[in-house]
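Note on naming: letters A, B, ... go to the chains in the order of the sequence lines (proteins, then strands), and numbering restarts at 1 for each one.
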Amino acid sequence: MFVLSFLVRRLLQGALIVFIVSLLIFTLLRVVPGDPVRLMAGGMAPEALIEQIAKDMGLRDPIIVQFGRYMSGVVQGDLGQSFVRPANGASTGGANFNDSTRGERAKVLDLILETLPMTLQLAGLAIVIALAFSFLVGIPGGLAPGRWPDRLAFYISSIFVSLPNFWLGIILALLLSVKLGWLPAIGYQGFAYTILPAIVLAVELSPVLIRTLTASMAGIMMEPFVAVGKVRGLSRRRIVFGHALRNASVPLLNLLGIQFSGLLGGVLIVEFIFDYPGLGLLTINAVLQRDFPLIQGIAIVTSAIFVFINIAVDLVATMIDPRLEY
Amino acid sequence: MSVLEAIPAKSVEPESIRGASISRRIWRLAMSSNEFRFGLAICLILLIAAIFYPEWSGIDPTKMNVKDRLIPPLFLQQGWTWAHPLGTDQIGRDMLVRSLVGLRYSFLIGVSTVALMLCVGCSLGMIAGYFGGKIDTVIMRITDAQLSIPMIILAIAVLGVSRPTIPAIILVLGLSSWPTYARVTRSVVMTERKREYVRAAQVMGASNFRIMVRLLAPLILPPIIFVSVLDVARMMIFESILGFIGLGVQPPTPTFGNIIADGRKYLLNAWWIATMPGVFLCVTLTSINLMGAVLERARNRIHGGAS
């Protein structure tokens with residue numbers, strides 16, 4: 001029962017958040033200068049034609065009216081159509097814009113659903129690599145505060161957090177795929193193409209994880225129940241992996257929920273560098289083409305995912321540590 | 001929190017240190033660690049070089065010199081010269097000067113962005129925490145919403161649609177990442193405002209504004225500002241990311257981002273164009289991050305290790 005009321009409350013809050021996000025991004029896109037119609041119709045189109053198209057598409061109405069129209073579609077699961085992308089996936093051509101091709105423009109939802117699994121695959125692999133690495137470095141660090149494993153963890157996290165992801169991506173692509181030929185890098189033709197981008201993402205993700213894990217591990221090893229465990233005759237291995245780690249992983253889990261938006265930012269850049277056909281590449285292209293409906297759709301979908309992930313994180317955290325309240 | 005365990009600072013400090021203000025104590029604790037001194041030294045050297053070297057050397061970072069193009073950095077490949085310690089790019093511009101000028105912009109943008117973030121975040125957090133109630137709810141809901149949009153998407157969306165100038169970049173980066181500061185400030189203010197001294201000031205007739213600015217701000221802000229050093233590094237990375245995808249400071253002004261984006265095209269025959277600025281950026285960021293991390297640990301220790 002508690003779970004149910006918790007879920008209802010959090011989902012309502014989440015819906016509010018998604019609403020504010022869409023209002024924010026919708027207004028921002030329309031307030032800042034830059035006319036999408038100019039881009040669609042091509043630089044040579046006469047001013048009158050542009051005004052005509054803009055009026056037909058409802059882009060000259062007050063922002064509130066536009067927003068209301070857009071949201072009524074969103075509620076029915078319709079995120080609108082892309083301004084520039086045709087449905088058949090051919091390259092975008094803004095120059096020959098006219099009303100007869102309007103019907104063939106790709107649906108925003110389809111575009112997002114096409115690329116989302118690719119990005120989830122990339123992000124999932126990155127999280128697995130980052131977690132494995134952080135446990136490997138962070139647990140010894142937390143068990144030996146002040147001694148060399150702790151220092152090592154400190155240095156590794158300080159250096160990793162200072163590596164700009166785009167630069168690291170270029171360097172790793174040069175080293176591992178051009179010079180050594182170990183991993184494929186550019187484009188996507190199979191699972192192997194996910195590994196290199198995932199490593200870059202993992203490097204970006206792991207410093208915070210290592211730091212949190214070290215600190216919480218060190219804190220928990222000072223707790224009375226650890227000392228009691230020793231008295232009860234439990235082996236050190238059992239204490240560390242059975243008892244301490246379980247408690248230390250709760251802050252880690254919360255962190256992963258918060259880190260999601262950071263991860264998405266990394267995905268954007270990494271996909272751009274490796275030409276990986278995911279949500280990030282779609283976003284960058286949408287922005288560069290001023291494809292308003294696509295940008296809005298992506299913002300709404302990502303904030304919804306963010307909300308869901310944080311609800312899931314809180315649920316799992318209470319399963320790991322029953323003392324936490326919903 | 002544990003690297004500092006090695007530092008001879010007992011949890012019960014002598015009376016003389018106890019009397020000092022919290023920020024003095026954090027600073028002293030941080031200064032006693034080798035990591036902090038190392039980071040500070042590197043950072044100062046780089047800053048001094050960035051301020052003086054470009055003018056002192058007299059090399060114009062945007063001047064082409066086709067005769068001297070694609071010279072490799074010192075000792076790394078045949079053809080290097082002392083005149084260009086980090087080599088030159090595809091049209092003969094000196095990489096060292098370009099990197100240092102890039103560092104100037106990067107640092108300028110990083111620091112002013114964090115200053116803006118602190119202003120917006122801390123004042124909103126303070127208002128939310130001080131007044132509570134409806135104001136608090138509204139501000140915190142906005143904060144949640146802002147946290148759930150990846151800030152890089154926001155920044156790219158706004159800068160891609162409008163024109164990226166330096167003030168615009170600072171504004172966008174600053175306005176899209178204040179929420180964490182708002183949260184931290186709010187939580188501290190909420191505990192502080194119930195203390196006696198705040199009540200006393202209220203009884204004495206001090207206005208809310210006066211209490212916030214004169215009493216709470218000097219107490220709360222310094223520790224937050226220390227930790228914001230870490231964000232300077234983060235913002236410098238974001239600035240270079242924006243430059244890399246062409247939405248940062250526009251060429252011909254050299255920034256780390258656009259130098260690396262440029263060098264990427266020549267990666268196979270002149271690897272140093274993309275690599276060297278990155279090494280430079282990475283060293284700078286490591287020094288800043290070392291300082292920031294030590295300051296953060298010192299703050300956590302002073303505050304009892306709880307937070």
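- Annotation: A/Y155, atom OH; neighbour count of heavy atoms from other residues, nucleotides and ligands within 6.0 Å is above 12.
- For the residue pair B/A293 and A/F154, the shortest heavy atom distance occurs at CB-CE1, 3.6 Å.
- No part of B/V172 comes within reach of chain A, as not one of its non-hydrogen atoms sits under 4.5 angstrom from that chain.
- With sequence neighbours left out, the ring pair (Phe, Tyr, Trp, His ring centres under 6.0 Å) criterion links B/F238 to no other residue.
- Within the 4.5 angstrom heavy-atom criterion, only side-chain atoms of A/I171, from C-beta onward, approach chain B.
- Without hydrogens or angle criteria, B/R264 side chain to A/I273 main chain gives a donor-acceptor distance under 3.5 Å.
- The CD1 atom of A/I159 sits 12.0 Å away from the CG atom of B/L285 when rounded to the nearest 0.5 Å.
- Chain A forms more heavy-atom pairs under 4.5 Å with one residue of B/I142, B/I237, B/I260, B/T284 than with any other, namely B/I260.
- Residues that satisfy the side-chain contact (heavy atoms from CB on, under 4.5 Å) test with A/T119, not counting sequence neighbours, are A/V267, A/E271, A/L279.
- Taking CZ of A/R211 as the start and CD of B/E296 as the end, the distance is 6.5 Å to the nearest 0.5 Å.
- When heavy atoms are compared at a cutoff of 4.5 Å, A/L168 does not approach chain B at all.
- Atom CG of residue B/L230 and atom OG of residue A/S158 lie 8.5 Å apart, to the nearest 0.5 angstrom.
- Per-residue counts of heavy-atom pairs under 4.5 Å with chain A were compared for B/L281, B/I245, B/L247; the largest is that of B/I245.
- Atoms CG and CD1, on A/L268 and B/I241 in that order, are 9.0 Å from each other to the nearest 0.5 Å.
- Of the two parts of A/F160, neither the backbone nor the side chain holds a non-hydrogen atom closer than 4.5 Å to a non-hydrogen atom of chain B.
- For the residue pair A/S162 and B/N289, a side-chain donor N or O sits within less than 3.5 Å of a side-chain acceptor on the partner.
- With a threshold of 4.5 angstrom between heavy atoms, A/L16 approaches chain B through side-chain atoms but not through N, CA, C or O.
- Atom OH of A/Y276 has more than 12 heavy atoms from other residues, nucleotides or ligands within 6.0 Å.
- Distance alone, capped at 3.5 Å, is enough to place a donor-acceptor pair between the A/W167 side chain and the B/A274 backbone.
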